[in-house]
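Input: a single structure, listed below in structure tokens.
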There are 2 protein chains.
Amino acid sequence: MSASETRQQIVDVADRLFYEHGFEATSFADIAKDVGLSRGNFYYHFKTKDEILDAVIAQRLANTSGMLLAWEQDAASPTECIRNFVHILIANRTKIMAHGCPVGTLCNELAKLDHTAKDRAASLFTLFRDWLRRQFVKLGREEDADALALHVLMRSQGVAALAAAFRDEEFIRREVADMEAWLHAQCPAASNPNPRQPA
Amino acid sequence: MSASETRQQIVDVADRLFYEHGFEATSFADIAKDVGLSRGNFYYHFKTKDEILDAVIAQRLANTSGMLLAWEQDAASPTECIRNFVHILIANRTKIMAHGCPVGTLCNELAKLDHTAKDRAASLFTLFRDWLRRQFVKLGREEDADALALHVLMRSQGVAALAAAFRDEEFIRREVADMEAWLHAQCPAASNPNPRQPA
DNA sequence: GTCTATATGGGGATAGAC
DNA sequence: GTCTATCCCCATATAGAC
């Protein structure tokens, strides 16, 4: 196998394990085992655990950027864009109930560890924040677009946190519906040619 | 020093360190150092790290119960009670911006570790949930009291998570004010003899 | 590029002196 | 009740053969 392919596999596995069990609790041996690599060979690809974390965050930033850009190109309206974001909670409900929000929990852990990468992890939030702000600007809410973006982010974080604590799928669906109602109330005049049902 | 005093000191220090740095990242040596105890002597008071965690959670449950009970006895109305809860975000803003919500981040970590104590940590949420539900019942919202309670909890979790990621105090104050407006809209007929300003 | 073997350090936990 | 000394395991990280 080529070095780049192996490296990619390592990042993919590390990404998943960091999400499922946390950064600190995931050992090199865990990653190597799932990739099917010896611990020794591991260091050919990554010198330190922090290097893997950097690669994982970089990949998440790239994937998230791509996803948001695609949404912006495909969605019929800014409202539809924001709805897409909110519906991540339902689409990923199983994983969220098991492990929480991938971004929120990582930021949490790195902040407690006072890890050097904590700000880069938080920049994942900034990606969503700026993108949401842009949607609200398009909806004519220039003045409080950033506050609205943070409000949507805040709600999704709260839903993910409680959904994980209580393992309550009905709670997720209820709060997503409430966010859609809130969204509609924020921009009542917004065009909405392709309405989607709450669940 | 008596055994019970030393034990209490250990629990207090562990409580703080678990909050500031997380459960796993806090070592026996860290706790012992802050208490002024040798690692060896430590095991006279607690046999395992999980025992300390149990004691910390038990203490948090007791303290929280006491606080909620006192609020219920002192507050002029259920609305005032809920407002007290929401205002924890402002009262503890410095610590929240640094380390997040003590309950949410602990539940998070224990869930990822699949720790046996994760459900007991989540019961801290249940304490708030049941208490909030009771307040909404008093306000005449029997039918959806639990959903409203979860909604308030959800918002406070979301605010704590983002406040920690962005270190934004203004965001906290804005969202607390928004929650108070929401609360007022939920129970417009509720008596409110002692209104409190948003900040 | 992949392996085995190994160095090094930290953390949980124990034994036993005082 | 407190201490020092120590054991054991696991995790990061390295060296060097293949």
Side-chain angles (χ1 to χ4, degrees), chain A residues 1-58 106 109-110 112-118 120-121, chain B residues 1-58 106 109-110 112-118 120-121:
Chain A
M1 190 182 306
S2 78
S4 70
E5 281 171 342
T6 303
R7 186 192 154 95
Q8 183 59 44
Q9 276 198 338
I10 291 174
V11 174
D12 288 340
V13 168
D15 192 353
R16 179 175 57 81
L17 292 180
F18 288 173
Y19 177 39
E20 291 177 356
H21 307 298
F23 170 69
E24 223 193 354
T26 300
S27 70
F28 276 17
D30 294 331
I31 304 173
K33 195 187 99 191
D34 276 26
V35 176
L37 224 59
S38 75
R39 266 178 308 167
N41 185 18
F42 208 96
Y43 288 85
Y44 174 80
H45 301 279
F46 289 98
K47 298 303 175 203
T48 70
K49 202 177 174 183
D50 288 353
E51 270 186 35
I52 306 177
L53 178 61
D54 282 349
V56 166
I57 294 176
L106 181 64
E109 183 180 359
L110 296 183
K112 298 239 179 202
L113 297 176
D114 202 23
H115 195 283
T116 52
K118 69 176 176 178
R120 284 238 311 292
Chain B
M1 190 183 306
S2 79
S4 69
E5 282 171 341
T6 303
R7 186 192 154 94
Q8 183 60 44
Q9 277 198 338
I10 290 173
V11 174
D12 288 341
V13 168
D15 193 354
R16 179 175 58 80
L17 292 179
F18 288 172
Y19 177 39
E20 292 176 358
H21 307 298
F23 170 69
E24 223 193 354
T26 301
S27 70
F28 275 17
D30 294 331
I31 304 173
K33 195 187 100 190
D34 276 26
V35 177
L37 224 58
S38 74
R39 262 178 310 166
N41 185 19
F42 208 96
Y43 288 85
Y44 174 80
H45 301 278
F46 290 97
K47 299 301 174 203
T48 68
K49 201 179 176 184
D50 287 353
E51 270 186 35
I52 307 176
L53 178 61
D54 282 349
V56 167
I57 294 176
L106 181 64
E109 182 179 2
L110 296 183
K112 297 238 180 203
L113 298 176
D114 202 21
H115 196 283
T116 53
K118 69 175 176 178
R120 286 237 310 293

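For B:R120, the side-chain hydrogen bond (donor to acceptor under 3.5 Å, both in side chains) partners two or more places apart in sequence, or in a different chain, are B:D54. Every residue was checked against the ring-ring contact (aromatic ring centres under 6.0 Å, His included) condition with A:Y44, not counting sequence neighbours, and none meets it.
Between the CD atom of A:E5 and the C1' atom of C:dT2 there is a distance of 15 Å, given to the nearest Å.
Using a 4.5 Å heavy-atom cutoff, the side chains of B:I52 and B:F42 are in contact.
Counting only N and O atoms by type, the side chains of B:H21 and A:D114 include no donor and acceptor under 3.5 Å apart.
Side-chain atoms of A:E109 come within 3.5 Å of backbone N or O of A:F23 as a donor-acceptor pair.
Where the helix from C:dG1-D:dC18 to C:dC18-D:dG1 starts and where it ends, the local axes point in directions that differ by 10°; five pairs per end, rounded to 10°.
With distances taken from any side-chain atom of B:A3 to the nucleotides C:dG1, D:dT2, D:dG1, the minimum falls on D:dG1.
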Only distances under 3.5 Å count here; give the side-chain donor-acceptor pairs of residues 28-39 of chain A to other protein atoms, sequence neighbours excluded, each with its distance to 0.1 Å.
unit_1, atom_1, unit_2, atom_2, d
A:D30, OD2, A:S27, N, 3.1
A:D30, OD2, A:S27, OG, 3.1
A:D34, OD2, A:R16, NH2, 2.6
A:S38, OG, A:N41, N, 3.2

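OP1 or OP2 of D:dG1 sits under 4.0 Å from a side-chain N or O of B:Y44. Proximity of B:T6 to the phosphate of D:dG1: no side-chain N or O atom is located under 4.0 Å from OP1 or OP2.
For residues 10-20 of chain B, proximity to DNA chain C is found at no residue, defined as any non-hydrogen atom under 4.0 angstrom from a strand atom.
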- How does each nucleotide of nucleotides 3-18 of chain C score, in 5' to 3' order, for protein heavy atoms under 4.0 Å: base (B), sugar-phosphate only (S), or none (-)? BB------SSBB----

